[in-house]
There are 2 protein chains.
Amino acid sequence: MGSKQRREREKESLRREILDAARDLFVKEGYENVSMRRIAEKIDYSPTTIYLYFEDKGDLLFQVSEETFSKLASKSESLLAEMIDPVVTLKKIERAYVDFGLKYPNHYKVTFINRPELRDMSKYYEKSMGQKAFNLLQQCVAECVRRKKFRRVDVEAASQALWASVHGITALLITHPKFPWTDKNKLIDLVIDTMIDGFKP
Amino acid sequence: MGSKQRREREKESLRREILDAARDLFVKEGYENVSMRRIAEKIDYSPTTIYLYFEDKGDLLFQVSEETFSKLASKSESLLAEMIDPVVTLKKIERAYVDFGLKYPNHYKVTFINRPELRDMSKYYEKSMGQKAFNLLQQCVAECVRRKKFRRVDVEAASQALWASVHGITALLITHPKFPWTDKNKLIDLVIDTMIDGFKP
DNA sequence: CTTATTAGCTTAACGCTGTTAATTTGACCT
DNA sequence: AGGTCAAATTAACAGCGTTAAGCTAATAAG
């Protein structure tokens, strides 16, 4: 007895090995430039073995992405937990989002920017970590409205607008590094502050 | 006599044929899903013929994108020409930007989202049509400040912030089409209006 | 203890891809 | 008419994601 459990653990550990190798390569070289064969080579298995653990290459990226989203989600969660002024917290959450992207640009690219068409996304958006992260931001916006720090805007629309703006500056800074940007930090804050101010009473 | 010119014209016409076929397929099915062989098939030439007219597939898409973006630039140009209230014009320019991105998602992707690693960057930024479009936006922002419709913000920073926000909503709508967005049109306007209002006196 | 079954992994292969090299075609000039 | 040269083609390379079939070693059954 227990051999079944050991087998189970071994299976799970290989799954992790594949996931780690894939993330490493995706982050370092980009999804498009990484082949299943190279991932397999990295962990000394045959390419087809991956298909015993993941549906296809897209699924592999999806699983990697989920892990990344969850990091961001838990960061936002802790910021929300120690909230005093919801507007300040909202700014922190947005700033954390941008900083996260700039700190791990390749990871951000893989997860947020160069997103190839992934499975049935309706299912994905219902319970994914990305949705969770967004929900936390929306929760914070709702709190801003509830405490009358924001005027009575549509919370969902406002949250999506805020997400769009932070994604915009993050994505542009990453993908256009040679563009003659003005001071990047000021620019990020300008985007965040301008949007947030726009929702105040 | 003149046969050289005719040859020249024929060469140019085939180049056009390739460009048109490529744009058609790229727009309809997406860059990744179109092969050189399919483009060639569409115009009844062998695949390798394309390489006599374009460096590679990326070059082909770049040329197609430039043509498309020049449309956006001239649209912005005409909006700027018939400007009365610069703030209204600015809104129109931003809206045209987003609408353009949504109309030609694949072109927008390659030029602003999935940036290919470009060797001669400086040259690109100087004279690409995408850059020209941005310059026109900045010109409009400058006019807003000059006529005191905007408070005395840093024109460059404000322009970049505005660009970031419209890029954000455009990119997200393109790359996350299955996300449960609130009304897209309202959302786009919300982003634009919120940012612009934020720069008013 | 031997035999049958099954899980885990690999090898081989298919039909694609972008791209290069070598080769053929065909129109022009002398 | 024969040579020249550019244009287009065929053949090929190396790689891709993925599937089907085969092998191997551990487990279950008799």
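Naming convention: chains lettered A, B, ... in sequence-line order (proteins, then strands); numbering from 1 in each chain.
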Tell me the interatomic distance from A:Ile18, atom CD1, to C:dC9, atom C1', rounded to whole angstroms. 11 Å
Does any part of the side chain of B:Leu14, heavy atoms only, come nearer than 4.5 Å to the side chain of B:Tyr53, both counted from C-beta? yes
Could you tell me whether B:Asp189 and B:Lys91 have a side-chain N and a carboxylate O separated by less than 4.0 Å? no
Cation-pi check, B:Lys103 onto B:Tyr108 ring (under 6.0 Å, within 45° of axis): no
Taken to the nearest whole Å, OH/A:Tyr53 to C1'/C:dC9 is 9 Å
Whole-Å distance separating the CD1 atom of B:Ile50 from the P atom of D:dT9: 10 Å
In 5'-to-3' order, the base (B), backbone-only (S) or no-contact (-) status of each nucleotide in nucleotides 18-25 of chain C, using a 4.0 angstrom heavy-atom cut-off, is BBBB----
Just checking B:Leu14: base, sugar-phosphate only, or nothing, at a heavy-atom cut-off of under 4.0 Å? sugar-phosphate
Name the nucleic acid region contacted by A:Phe54, choosing base, sugar-phosphate or nothing; use a 4.0 angstrom heavy-atom cut-off, strictly under. nothing
Residue pair A:Gly101 / A:Ile174: nearest heavy atoms and the distance that separates them: O-CD1, 3.3 Å
Euclidean distance, atom CZ of residue B:Arg15 to atom C1' of D:dA7 [Å, nearest integer]: 17 Å
To check you understand the geometry: which heavy-atom pair defines the closest contact between B:Thr175 and A:Ile113, and what is its length? CG2-O, 3.8 Å
Who passes ring-ring contact (aromatic ring centres under 6.0 Å, His included) against B:Tyr104, sequence neighbours left out? B:Phe100, B:His107
Should the pair B:Arg16-B:Glu12 be classified as a salt bridge under the 4.0 Å nitrogen-to-oxygen rule? no
To the nearest Å, give me how far apart CG (A:Leu52) and P (D:dA21) are. 16 Å
Would you mind reading off the distance between A:Ile43 atom CD1 and C:dG8 atom P, rounded to a whole angstrom? 15 Å
Close side-chain approach of A:Met195 to B:Met195, heavy-atom, < 4.5 Å: yes
Describe, as an angle rounded to 10 degrees, how the axis at the first end of the helix from C:dC1-D:dG30 to C:dT30-D:dA1 is tilted relative to the axis at the last end, five pairs per end. 30°
Just N and O in the side chain of A:Ser46: are any of them under 4.0 Å from OP1 or OP2 of C:dT10? yes
Does the pair A:Arg38/A:Glu29 count as a salt bridge with the N-to-O cut at 4.0 Å? yes
